[in-house]
Amino acid sequence: MTTFNKILWTLGTKIEDEIKPHLEEFLGKELFRGDDIFDIMDFKSGDEKLVVEIKGRRVKSTDYDTTIITCGKIIEAEKLMDIDEEVKVYLFFVYTDCVKYIQLPKERPDWNCKHTGTNHIPHFLIPIDELMDFESVDKLKSNQ
């Protein structure tokens, strides 16, 4: 049975709140968090055409060749894009040394999958070299 980890949730929410204004500037839309702490994705735009997931990392971006994200998040994002082809989904990874991101393509790349993470559930392994540098990271770091 999975238990709610309030410490990790609090840390994640802090990271999300810190980067949110920078993402809104970068993406050109105001982002809103749902009322349900168990929502699959972190933020949506008011018109629900933009969906954002933010993953905080406690390592440098160069420590591993891949980063993980639960398969369920990707599958839910793909469903949203299937329902409405105008929907764009972004994943942001906040590392200790930088922020990287990827816009999910309409067709999933051939990412490996393995059971891992805190609760040993299926995760996709996204190669770090497929992620782009988030250019606003300098603004983010200077505000901390």
Side-chain angles (χ1 to χ4, degrees), residues 1-138 140-141:
M1 180 174 146
T2 305
T3 59
F4 181 72
N5 186 327
K6 187 171 182 178
I7 293 170
L8 282 180
W9 177 81
T10 302
L11 176 61
T13 302
K14 180 180 183 289
I15 290 167
E16 294 163 10
D17 290 343
E18 288 174 354
I19 196 172
K20 181 179 177 270
H22 303 284
L23 299 180
E24 290 174 330
E25 180 184 345
F26 174 71
L27 298 167
K29 289 197 178 209
E30 189 173 4
L31 299 173
F32 300 93
R33 185 190 319 269
D35 292 335
D36 184 352
I37 63 171
F38 296 106
D39 279 346
I40 300 291
M41 302 302 254
D42 294 320
F43 294 106
K44 288 182 181 178
S45 60
D47 63 4
E48 298 192 1
K49 302 289 184 190
L50 183 62
V51 180
V52 176
E53 175 67 12
I54 302 162
K55 303 306 294 177
R57 298 294 186 239
R58 294 181 276 183
V59 298
K60 290 182 180 178
S61 61
T62 55
D63 284 354
Y64 298 97
D65 293 335
T66 60
T67 190
I68 62 173
I69 190 160
T70 56
C71 292
K73 287 187 181 291
I74 300 299
I75 291 166
E76 287 300 315
E78 290 170 343
K79 287 179 187 176
L80 293 172
M81 292 188 296
D82 285 345
I83 292 169
D84 184 344
E85 64 184 39
E86 292 182 32
V87 171
K88 294 180 182 176
V89 179
Y90 288 85
L91 309 175
F92 285 84
F93 299 90
V94 181
Y95 291 95
T96 59
D97 62 337
C98 67
V99 177
K100 293 188 173 280
Y101 74 99
I102 188 171
Q103 179 183 348
L104 280 184
K106 297 292 181 189
E107 301 231 355
R108 184 185 322 136
D110 189 22
W111 293 331
N112 289 329
C113 184
K114 75 176 191 177
H115 284 76
T116 187
T118 306
N119 296 309
H120 198 69
I121 58 177
H123 285 74
F124 284 113
L125 285 75
I126 302 174
I128 300 296
D129 62 10
E130 291 185 19
L131 303 177
M132 294 180 278
D133 293 326
F134 181 50
E135 297 299 328
S136 295
V137 71
D138 293 332
L140 178 66
K141 294 290 183 185

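Predicted model, so just to flag it, every value in this text is computed and none were measured.
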K100: salt bridge (Lys or Arg N to Asp or Glu O under 4.0 Å) partners, not counting sequence neighbours: D133
Nearest 0.5 Å please: distance from the CZ atom of R58 over to the CG atom of D63. 13.0 Å
With side chain to side chain contact (heavy atoms under 4.5 Å, CB included) as the test, pick out the partner of L23 among Y90, Y101, F92. F92
Say you draw a straight line from CD1 of I74 to CG of L104; how long is it, rounded to the nearest 0.5 Å? 4.5 Å
Hey, does T67 have a side-chain heavy atom less than 4.5 Å from the side chain of L91? no
Please report the interatomic distance CG(D42) to NZ(K73), rounded to the nearest 0.5 Å. 6.0 Å
Taking NZ, NE, NH1 and NH2 as the nitrogens, is one of them in D17 or R33 under 4.0 Å from a carboxylate oxygen of the other? yes
Heavy-atom neighbours of D65 CG exceed 12 at 6.0 Å: no
Under 4.5 Å between any side-chain heavy atoms of I75 and R108, yes or no? yes
Looking at OG1 of T66 and NE2 of H123, how far apart are the two atoms once the value is rounded to the nearest 0.5 Å? 11.0 Å
Neighbour count above 12 (heavy atom, 6.0 Å) for K106 NZ: yes
Tell me whether E107 at atom CD has more than 12 heavy atoms from other residues, nucleotides or ligands lying less than 6.0 Å away. no
Ion pair check, E24 and K20, cut-off under 4.0 Å: yes
Calculate, to the nearest 0.5 Å, the distance between atoms CD and CD1 belonging to E53 and I69 respectively. 5.0 Å
Find out whether C98 and F93 are in side-chain contact, i.e. whether some heavy atom of one side chain is under 4.5 Å from a heavy atom of the other. no
Please round to the nearest 0.5 Å and tell me the distance separating atom CG of L131 and atom OH of Y95. 5.5 Å
Who are the side-chain hydrogen bond (donor to acceptor under 3.5 Å, both in side chains) partners of K79, not counting sequence neighbours? E76
